[in-house]
Number of protein chains: 2
Amino acid sequence: MSAKPPVALTSSLSFQLGALGTTVADRFAARIAPLGLEPKHAGLLALLANGRARSQAEAAAIMGVAPSLLVNFADGLEDLNALTRRRDPADRRRQVLALTEEGTRLLQACNRIADGIDADLTADLAPADTAALRRALPKMTGFPEPADD
Amino acid sequence: MSAKPPVALTSSLSFQLGALGTTVADRFAARIAPLGLEPKHAGLLALLANGRARSQAEAAAIMGVAPSLLVNFADGLEDLNALTRRRDPADRRRQVLALTEEGTRLLQACNRIADGIDADLTADLAPADTAALRRALPKMTGFPEPADD
DNA sequence: TATTGTTATACTCTATAACTATA
DNA sequence: TATAGTTATAGAGTATAACAATA
């Protein structure tokens, strides 16, 4: 008999979440690439849209990346006319980032792409399990935070 | 009014799974590092333990990495005395990998670490939601496959 | 000629360290 | 002196290409 399965590792939530996260991130990256975007670009767009970050330093802190990296992301989005940079008059060291209409359009396109992937992922799931997933994930990630607007 | 939330992206399963996957993978990596292991090492150990891969080429194909990379992983595990390499007498091109007792011990340590992270992740979840998660994830990742032994 | 494993090389991504300007 | 942003450099991780042995 095989009372205890020899390998529990691949059955653990940790392992499966890690693997699934990579897969999903790769798929998302592939589908937004034609828009000229990378995942971090989309994250920055979302951050600006919900007003949780206004300067580059704030965005870098929330996204957990080095400020020097955020320069590149902002550069890319600026090249796409997705955002504007303007110096904060009150503190001219700060670059205040603001979404443009094009930036909003790009973000909405990202939303649709994410929704499409969500639909694929949950296609084989019982509706109740999908609902449980939507309840559980925010508790595990810690976002989106309740504050909305 | 804000009938439609301005940013659905961070609420999508895709985004949350991507972010959570990175977090969990990082945490797992940090906790197995003292054992001298990286996540890919653990994956290879699991693959060998459940008998789904015997040669390096097979393991590389299943893990989705280049054969040249698998050499490094196998080297690392060999240095830890976690596996043995021996040429297949029937086809001397093939290196047949086999877990040692030490490899089994290391894999069990990884299992315990993964279980610990699982417990942390699900601490704030309703038991029913945790159960739903355990049902749903294998359907989304495609593994572990039903065949067991 | 094709395949397995290996080694060597190149490339991408990210992190770190200077530098400028403002405070 | 400290901070925001920027630029330049270096390191880690991965992929690609060339090689040796065997089929």
Side-chain angles (χ1 to χ4, degrees), chain A residues 18-19 21-23 25-30 32-33 36-44 47-48 52-79 82-98, chain B residues 18-19 21-30 32-33 36-44 47-48 52-79 82-99:
Chain A
T22 302
T23 300
D26 287 351
R27 213 189 301 182
F28 183 69
I32 65 174
L37 298 175
E38 297 169 19
K40 291 280 171 57
H41 291 137
L44 180 52
L47 213 48
L48 296 174
R52 269 196 290 172
R54 293 177 44 78
S55 73
Q56 296 187 187
E58 287 168 14
I62 295 178
M63 293 174 67
V65 301
S68 60
L69 264 182
L70 211 117
V71 174
N72 297 333
F73 302 142
D75 281 350
L77 290 175
E78 200 175 30
D79 289 345
L83 60 76
T84 58
R85 276 172 164 136
R86 71 161 219 284
R87 290 282 167 186
D88 182 347
D91 181 346
R92 293 184 40 72
R93 290 173 306 182
R94 290 165 46 98
Q95 292 272 41
V96 175
L97 306 178
Chain B
T22 302
T23 300
V24 172
D26 287 350
R27 213 187 304 181
F28 183 69
I32 65 173
L37 298 174
E38 297 170 20
K40 292 280 172 57
H41 292 137
L44 180 52
L47 214 48
L48 296 175
R52 269 197 291 174
R54 292 177 46 78
S55 73
Q56 295 187 189
E58 286 168 13
I62 295 177
M63 293 174 68
V65 302
S68 60
L69 264 182
L70 211 117
V71 173
N72 298 333
F73 302 141
D75 281 351
L77 291 176
E78 201 175 28
D79 289 345
L83 60 76
T84 58
R85 277 169 162 138
R86 71 162 219 283
R87 291 283 168 184
D88 183 347
D91 180 347
R92 293 185 41 73
R93 291 174 306 183
R94 290 165 46 97
Q95 292 272 43
V96 176
L97 306 178
L99 276 189

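In what follows, every chain begins at residue 1, and chains take the letters A, B, ... in the order their sequences are listed. Every value quoted in this text rests on a predicted model; they were computed, and no experiment measured them.
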Legend entry - More than 12 heavy atoms from other groups under 6.0 Å of CZ on A/Arg27: yes
Legend entry - Interatomic distance where CZ belongs to A/Arg92 and P belongs to D/dA2 [whole Å]: 23 Å
Legend entry - Rounded distance in Å - NZ (A/Lys40) to P (C/dC13): 11 Å
Legend entry - Strand-adjacent residues in residues 68-78 of chain B, judged by heavy atoms under 4.0 Å from DNA chain D: B/Ser68, B/Leu69
Legend entry - Value in whole Å for how far the P atom of D/dA23 lies from CD of B/Gln95: 13 Å
Inset, instruction - Grab the two heavy atoms, one from A/Ala53 and one from A/Ile62, that are nearest each other, plus how far apart they are. - result: CB-CD1, 4.3 Å
Inset, instruction - May I have the step-by-step check of side-chain contact (heavy atoms from CB on, under 4.5 Å) for B/Gln56 and B/Leu44, ending in yes or no? - result: CA-CA 10 Å; B/Gln56 295 187 189; B/Leu44 180 52; over 6 Å; no
Legend entry - Value in whole Å for how far the P atom of D/dG5 lies from CG of A/Leu83: 13 Å
Inset, instruction - Please report the closest heavy-atom contact between A/Ala60 and A/Pro67, naming both atoms and the distance. - result: CB-CA, 4.0 Å
Legend entry - Polar pair under 3.5 Å, donor/acceptor by atom type, side chain A/Arg93, base D/dT3: yes
Inset, instruction - Identify, residue by residue, the members of residues 53-64 of chain A with a heavy atom below 4.0 Å from DNA chain C, and return them in order of residue number, or none. - result: none
Inset, instruction - Locate the shortest heavy-atom distance separating B/Arg54 from B/Glu58; write the atom from each residue and the value. - result: N-OE1, 2.8 Å
Inset, instruction - Look at the side chain of B/Arg87 and decide which nucleotide, out of C/dG5, D/dT6, C/dT16, has an atom nearest to it. - result: C/dG5
Inset, instruction - Verify the contact: side-chain N or O of B/Arg94 to OP1 or OP2 of C/dT4, cut-off strictly under 4.0 Å; return yes or no. - result: no
Inset, instruction - May I ask you to test the B/Lys40-B/Leu77 pair for a side-chain heavy-atom distance under 4.5 Å? - result: no
Legend entry - Distance-minimising heavy-atom pair for B/His41 and B/Gly76: NE2-CA, 4.5 Å
Legend entry - Smallest separation among heavy atoms of A/Ile32 and A/Ala42, with atom names: CD1-CB, 4.5 Å
Inset, instruction - In whole angstrom, give the distance that lies between atom CZ of B/Arg86 and atom C1' of C/dT4. - result: 16 Å
Legend entry - Toward the 5' end of DNA chain C, by each residue's nearest nucleotide, A/Pro89 or A/Val65: A/Val65
Inset, instruction - Output yes when at least one side-chain N/O atom of B/Arg85 is less than 4.0 Å from OP1 or OP2 of C/dT6, else no. - result: yes
Legend entry - A/Arg87 and A/Gln95, any side-chain heavy atoms less than 4.5 Å apart: yes
Inset, instruction - Starting at atom CD of A/Glu38, determine the distance to atom P of C/dC13, rounded to an integer number of angstrom. - result: 6 Å
Inset, instruction - Measure the distance from CG on B/Leu44 to C1' on C/dG5 and round it to the nearest whole Å. - result: 14 Å
